[in-house]
Amino acid sequence: MNNKKIAELFNEIADMLELSKEKRIFEIRAYRKAALTLESMQEDVSDILEKKGIDGLMDIQGIGKGLAEKIKEFVSTGKIKKYVELKKKYPIDFSNLTRIQGMGAKRAFVLYTELGVKNIEDLKIMVKNHKVRELKGFGERSEREIENGLALLESSKGRLLLGTALPEAESILKRLKASGLVEKAELAGSTRRMKETVGDLDILVTSNKPQAVMAYVKTIPEAESVIAQGPTKTTLWLKIGMSCDIRVVPLESFGAAMQYFIGSKDHNVKVRQIAIKKGYKLNEYGLFDTNGKIIANENEAEIYKKLEMQYPEPEMRENRGEIELAQEGKLPKLVSLENIIGDLHVHSKHSDGLNTIEEMVIEAHKLGRKYIGFTDHSKTEYIAHGMDEKRFAEYSNEIDLLNEKFSGKIQILKSAETDILKDGTLDFSNESLEKMDYVLASVHTNINMPKDEMTKRIITAIESGYVNILGHPTDRIINQRPPINLDLDKVFQAAKDNNVIMEIDSYPDRLDLNDENILKAKEYSLKFSISTDSHRTQHLFLMRYGIGTAKRGWLKKDDIINTYPIEKLLNTFKK
DNA sequence: GCCGTTTTCGGCCCGACTGTTTTCAGTCG
């Protein structure tokens, strides 16, 4: 993946430019913005170059001729000349040093010129020998902060999964609401936008006792230490290994604060630009006219309205075109958790699930599901106790019996998560496949195949005439395993031609397809199934993560097959 | 270095918190 490396280089170039005498702050900002964009992009820049050339790069928001050429230079030579030149002057490991809280390029440079610190290891030694506190602009306090930062860096695991962050945030919110000190407490930031990974938590509260709130938040059991605290904002370090900002705002500016703190940064910059064009000023306290008079502040939707825009749901706020749609009044009405009436990817004890089919069915019924499809593994998944044809027949009989038992309450569908084998064939006999209500097919083995072969393998399965849903299509595991090598355009086209549905696997470390790939799949007018990939009853609740991802991919109710009544659903599966 | 309904020049979001340089630069989001 070139994107991450180039992003790192761009950030370092920005760091080094910050040190030059002439203040090229907008050039610096351009590098940082491009780095941010590259980091969150799914498609590798080398693929873009290959397909569309340098123009393809320049189509990316925030990347113009200069940066596109630098990207191209990196892809073809592995280097960026400008970076190499600057690095001669500043032989400092900025990208790691600036990961320390409170350490930017300028402080890192002082450490280099005064103490010769080039990297984290050097810094550790200087901190240990108490050399840092002697520097001008640093003190004992700063040295201690750096020491803490170094320790933190070693213990932190980077961005946490949404599935870890969201429950933590909800537990803190619940505590704040129960404290009696706040009127409103809401989640903001990337967690509110349901981003698949989260760097820190942002919580917003309104209170007429901000001091008391600040005193209280230090004492919550989730907190390990206090990183910073002022009269209206506290930054905590949480035991789970991430920081959490808690801000107090007055009730009357709550809407403006929510708009600001939900982000994303890119979205906000653009919204503020729109405000400026209309002669307004927007900040976290409100929307103001030229005389400083408040136009809107208490209600978030009101702010968008005054800017002549529709209200975009938080999941869409990534500056990926939602602002323009909101201005035109053309935002889609996004799917919601309430629209979901079935789950089409569920495991039981018949393979690697923890619960029986009946236990899963009872839980799904409690959740209000109208149907549940079982998709235990096929025989190739021997570690997962996958089923052969004989065991599939037993499983099939059990489902028939349970359908009689639960008749009128919830319908149980018969399927299997059929492995797509190395050559693209399916891991069940056609006879067994024909007995299923639908076929979910996934790749689990030989995941390191070259792109052409992997694409061919999946398309072969799609064209078999048996597959209805392609399970976790890219097979990535967030923070652990990259996506398989696939030409998604070809796969999506084949899926379109063969009426195959794309899965959005809600399991928090999968979220596959992800938001960007969903947006791409939507261009092919594909349909989607949001499923939980449950392996125990508790997993049936994970649906909300898939919904969040679907909303980030701008999906509407009608795009999702498990919002359909059962008759319509079964029709969708007809070949 | 990017970008365009102020369009090829001249703008580019805005404020909080910290430490320490007592009036502000650096950092962060």
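Hydrogens, waters and symmetry mates play no part in the numbers below; they use all other heavy atoms, side chains included. Note on naming: letters A, B, ... go to the chains in the order of the sequence lines (proteins, then strands), and numbering restarts at 1 for each one.
Looking at residues 65-80 of chain A, you'll see A:Lys65, A:Gly66, A:Leu67, A:Lys70 sit with a heavy atom under 4.0 Å from some atom of DNA chain B. Of the residues in residues 106-115 of chain A, those with a non-hydrogen atom less than 4.0 angstrom from any atom of DNA chain B are A:Lys106, A:Arg107. DNA chain B is contacted by A:Lys265, A:Val269, A:Arg272, A:Gln273, A:Ile276, A:Lys277 of residues 261-277 of chain A, taking any non-hydrogen atom closer than 4.0 Å.
Residue contacts for A:Leu282: at a heavy-atom cut-off of 4.0 Å it reaches the sugar-phosphate backbone alone, with no base atom in range. Note on A:Lys33: nothing from the nucleic acid sits closer than 4.0 angstrom, heavy atoms only. Contacts of A:Gly137 with the nucleic acid, taken as non-hydrogen atoms under 4.0 Å apart, include base atoms. A:Glu145 comes within 4.0 angstrom of no nucleic acid atom, judged by non-hydrogen atoms across all strands.
Atom CG in A:Leu135 sits roughly 11 Å away from atom P in B:dT20 (whole-Å rounding). Atom CZ of A:Arg144 is separated from atom P of B:dT18 by 14 Å (rounded to the nearest Å). Atom CD1 of A:Ile246 and atom P of B:dC28 are 20 Å apart (whole Å). The CG atom of A:Leu17 sits 10 Å away from the C1' atom of B:dG1 (whole-angstrom rounding). Taking atom CD of residue A:Gln229 and atom C1' of nucleotide B:dG19, one finds them 16 Å apart after rounding to whole Å. Going from atom CG of A:Asp15 over to atom C1' of B:dC28 covers 13 Å, rounded to whole Å. The distance between atom CZ of A:Phe138 and atom P of B:dG26, rounded to the nearest whole Å, is 11 Å. The distance from atom CD of A:Glu18 to atom C1' of B:dG1 is 15 Å, rounded to the nearest whole Å.
If you check B:dT18, B:dA16, B:dC2 against the side chain of A:Ala30, the one that comes closest is B:dC2. The side chain of A:Asp202 has B:dG29 as its nearest neighbour among B:dC2, B:dG29, B:dA16. The side chain of A:Arg141 lies closest to B:dG19 when the candidates are B:dG1, B:dG19, B:dC17.
For B:dC12 and B:dT18, the P atoms lie 29 Å apart once the distance is rounded to whole Å. When the C1' atom is compared between B:dG11 and B:dG19, the two are found 34 Å apart, to the nearest whole Å. Here the separation of B:dG26 from B:dT21, taken at their C1' atoms, is 12 Å to the nearest Å. The same atom, C1', is picked in B:dT20 and in B:dG29; the two are 23 Å apart, to the nearest Å. Nucleotides B:dC2 and B:dT6 place their P atoms 23 Å apart, quoted to the nearest Å. On the C1' atoms, B:dC14 is 25 Å away from B:dT22, given to the nearest whole Å. Spacing of C1' atoms, B:dC17 relative to B:dT23, comes out at 16 Å, to the nearest Å. Nucleotides B:dT8 and B:dG1, compared at atom C1', are 15 Å apart to the nearest Å.
B:dT8 makes up no base pair with any nucleotide shown, lacking Watson-Crick or G-U wobble contacts both under 3.5 Å.
Checked against A:Asp515 for a salt bridge (charged side-chain N to carboxylate O under 4.0 Å, His left out), the options A:Arg320, A:Arg193, A:Lys195 give a single hit: A:Arg320. Checked options A:Asp47, A:Asp489, A:Asp487; the residue passing with A:Lys451 is A:Asp47 (criterion: salt bridge (charged side-chain N to carboxylate O under 4.0 Å, His left out)).
Contact annotation: A:Arg247 does not reach the phosphate of B:dC17 (side-chain N/O to OP1 or OP2, under 4.0 Å). For B:dC14, neither phosphate oxygen OP1 nor OP2 lies less than 4.0 angstrom from any side-chain nitrogen or oxygen of A:Tyr280. Residue A:Thr232 places at least one side-chain N or O closer than 4.0 Å to OP1 or OP2 of B:dC17. Between A:Ser142 and B:dT20, a side-chain N or O to OP1/OP2 separation shorter than 4.0 Å is present.
With sequence neighbours excluded, no residue forms a ring pair (Phe, Tyr, Trp, His ring centres under 6.0 Å) with A:Tyr280. Not a single ring pair (Phe, Tyr, Trp, His ring centres under 6.0 Å) links A:Tyr285 to another residue, sequence neighbours left out. Applying the side-chain contact (heavy atoms from CB on, under 4.5 Å) rule to A:Ala30 yields no partners; only residues at least two apart in sequence or on another chain are considered.
Under a cutoff of 6.0 Å and an axis angle of 45°, A:Arg317 and A:Tyr311 form a cation-pi pair.
A salt bridge between A:Arg175 and A:Glu222 is present, with a side-chain N of the basic residue lying under 4.0 Å from a carboxylate O of the acidic one.
Judged by distance alone, the side chain of A:Asn299 and the main-chain N or O of A:Ala301 form a donor-acceptor pair under 3.5 Å. Under a 3.5 Å cut-off, the side chain of A:Asn3 and the backbone N or O of A:Glu43 do form a donor-acceptor pair.
Checked against the 6.0 Å centroid criterion, the rings of A:Phe109 and A:Tyr90 qualify as a close aromatic pair.
Counting heavy atoms from C-beta outward, A:Asp202 and A:Thr191 have side chains that stay 4.5 Å or more apart.
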